[in-house]
Protein chains: 2
Amino acid sequence: MPKLRTAIVDDHPIVIEGLKALLSNEANLKIVGGFYSGEALLSYLDTHALDLILLDITLPDMNGIELCQKIKAVSLTTSILILSNHTERSIIMQAIQNGASGYLLKNSSIDELRYCIAEAVKGQICYSKEITEIISRPTRNELQGPPRLTRREKEILSLIAAGKTSQVIGQELFLSPLTVDTHRKNLIQKFGVKNVAELIMVAVQQQIL
Amino acid sequence: MPKLRTAIVDDHPIVIEGLKALLSNEANLKIVGGFYSGEALLSYLDTHALDLILLDITLPDMNGIELCQKIKAVSLTTSILILSNHTERSIIMQAIQNGASGYLLKNSSIDELRYCIAEAVKGQICYSKEITEIISRPTRNELQGPPRLTRREKEILSLIAAGKTSQVIGQELFLSPLTVDTHRKNLIQKFGVKNVAELIMVAVQQQIL
DNA sequence: CAAAAAATACCTAATAATGGGTAGATAAAA
DNA sequence: TTTTATCTACCCATTATTAGGTATTTTTTG
């Protein structure tokens with residue numbers, strides 16, 4: 001079996017060199033090129049065939065999703081693995097939609113990378129552990145409408161938005177700060193967000209604030 | 001000199017009793033009534049004269065600012081002191097605009113209260129220490145337009161709004177989390193807000209997010 | 001009235017944010 | 001070519017938030 005002709009596209013030279021080093025011992029593949037931009041890769045593809053491309057999302061001239069499309073338009077048999085630090089669900093989904101065979105975070109283990117490469121060339125789609133988790137937990141935003149808030153929760157939400165801490169809110173509402181913490185926790189859970197910054201953002205978008 | 005006829009309006013019985021106890025030893029005033037609602041006070045005022053009213057902002061039937069107006073409409077010579085936990089500059093200003101002679105937080109010392117009562121009946125306007133501080137530090141929002149953000153700051157602001165921590169942002173932008181912390185700090189300072197919750201809120205209002 | 005929902009309050013422990021700096025390296029403008 | 005702005009990164013110390021609970025008391029509602 002011939003070795004997989006593999007290219008790496010990343011705007012960070014260090015990442016390219018790192019990957020080259022990591023993959024140099026792999027028996028079944030050969031790194032035939034490292035590119036800093038989408039255009040550089042595309043012009044290489046004009047004259048050479050590739051079996052596998054490891055692709056970053058952030059590139060100087062175009063984003064990785066766009067590049068995915070263009071690669072697939074030129075060479076449908078080339079497998080693409082995204083290697084990125086972006087954890088947004090929407091980006092991951094878009095990448096797959098546009099022809100990527102997998103998505104890994106840059107801190108993935110070499111074993112995960114090896115496994116995903118194997119799956120990708122077999123035509124399977126493959127994600128690293130963390131990515132799988134992100135995908136299987138869709139934002140409640142994407143699922144339902146805005147959550148129902150109780151009177152107290154609305155009250156506390158707007159005080160949080162005013163920059164007040166649990167302690168201050170507790171004083172104003174004659175509540176224990178621990179109670180305010182509980183309401184804060186419930187708000188974060190109900191909205192399915194990670195912290196108050198996102199909470200405020202989503203609440204504004206859903207016109208609750 | 002006759003004692004000042006004084007009333008207390010607060011929806012919390014405990015506060016009323018506490019104030020009564022605190023002020024019972026004052027030689028120059030006499031608590032003639034405690035009321036849980038604005039209406040209760042107003043109907044008392046129909047038949048009795050008052051020299052001083054200690055007023056809360058949060059009341060069951062109307063807010064303290066509204067009540068201020070109504071009191072002054074009926075009895076211009078009555079001095080009003082606001083005793084509240086609300087620290088919003090706008091509320092303080094509105095209270096004064098509507099006839100209050102002073103504003104204290106509920107955790108003010110008895111000395112501050114005594115002093116402000118004396119000033120109020122002399123016709124002076126008087127604030128407790130913390131209130132003075134709030135007033136003399138107007139929100140930058142009230143002063144100027146939206147702050148100028150650098151490219152990096154805008155970038156980090158939107159990542160914060162997406163609920164990401166400094167660590168995650170650092171990973172995505174290939175920066176030290178400490179650097180992200182610095183940008184975060186600068187954002188909070190530029191907007192003149194207290195924390196990210198308020199930061200996001202204000203940024204949305206000023207259409208930066 | 002019984003059951004469900006909401007509001008209250010606590011626990012522990014880990015992680016994150018905030019406030020007060022300082023400071024060097026680049027990059028842009030005067 | 002200086003000055004100015006931006007970006008970078010760190011120090012220290014304190015406070016706040018978050019995540020994982022549990023549990024009692026009020027209110028509301030079927």
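In what follows, chains carry the letters A, B, and so on, assigned in the order in which the sequence lines appear, proteins first and then strands, with residues in each chain numbered from 1.
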- Message: Using a 4.0 Å cut-off on heavy atoms, which residues in residues 156-179 of chain B reach DNA chain D? List them by number, or say none.
- Response: B/Leu175, B/Ser176, B/Leu178, B/Thr179
- Note down the inter-axis angle between the two ends of the helix from C/dC1-D/dG30 to C/dA30-D/dT1, five pairs each, to the nearest 10°. 70°
- A/Leu149 CG to C/dA5 P: how many Å, rounded? 16 Å
- When rounded to whole Å, the NZ to C1' distance for the pair A/Lys154 and C/dA7 reads 15 Å
- List the protein contact pattern of nucleotides 22-30 of chain C with one symbol per nucleotide (5' to 3'): B for base contact, S for sugar-phosphate-only contact, - for none; contact means a heavy-atom distance under 4.0 Å. ---------
- Nucleotide C/dG21, atom P - distance to CG of B/Asp181 in whole Å: 17 Å
- Any B/Arg5 side-chain heavy atom under 4.5 Å of B/Ile31 side chain: no
- Task: Please state how far atom NZ in B/Lys185 lies from atom P in C/dA16, giving the value in whole angstrom units.
- Result: 17 Å
- note: B/Asn186, atom CG; C/dG21, atom P; distance rounded to Å ~ 14 Å
- Send over the distance from B/Lys194 NZ to C/dT18 C1', rounded to a whole Å. 13 Å
- Query: Going 5' to 3' on DNA chain D, which nucleotide is the first and which the last to come under 4.0 Å of a heavy atom in chain B?
  - Reply: D/dT6 to D/dC10
- Residue mapping more 5' on DNA chain D - nearest nucleotide basis, B/His183 or A/Ile188: B/His183
- Could you tell me whether A/Lys30 and A/Asp51 have a side-chain N and a carboxylate O separated by less than 4.0 Å? no
- Message: Holding to ring-ring contact (aromatic ring centres under 6.0 Å, His included), I want the full list of residues that pass it with A/Phe35, two or more places apart in sequence or in another chain.
- Response: A/Tyr44
- Task: For side-chain contact (heavy atoms from CB on, under 4.5 Å), just list the numbers for A/Arg184 and A/Ser166, CA-CA rounded to whole Å, side-chain angles, deciding distance to a tenth of an Å, and then say yes or no.
- Result: CA-CA 8 Å; A/Arg184 172 198 295 270; A/Ser166 293; 3.0 Å; yes
- A/Glu198 with B/Lys164: basic N within carboxylate O range, under 4.0 Å: no
- Query: Taking CG from B/Leu199 and P from C/dA17, how many angstroms apart are they, rounded to a whole number?
  - Reply: 12 Å
- Please list all pairs passing the ring pair (Phe, Tyr, Trp, His ring centres under 6.0 Å) test where one or both residues lie in residues 150-188 of chain B, with sequence neighbours left out. A/His12-B/Phe174
- Message: Distance check needed: C/dG19 P versus B/Leu187 CG, whole Å only.
- Response: 13 Å
- Message: Rounded at 0.5 Å granularity, tell me how far CG in A/Leu54 sits from CD1 in A/Ile80.
- Response: 10.5 Å
- Stepwise, does the side-chain contact (heavy atoms from CB on, under 4.5 Å) test hold for A/Leu29 with A/Glu26? CA-CA 6 Å; A/Leu29 65 79; A/Glu26 297 299 308; 4.0 Å; yes
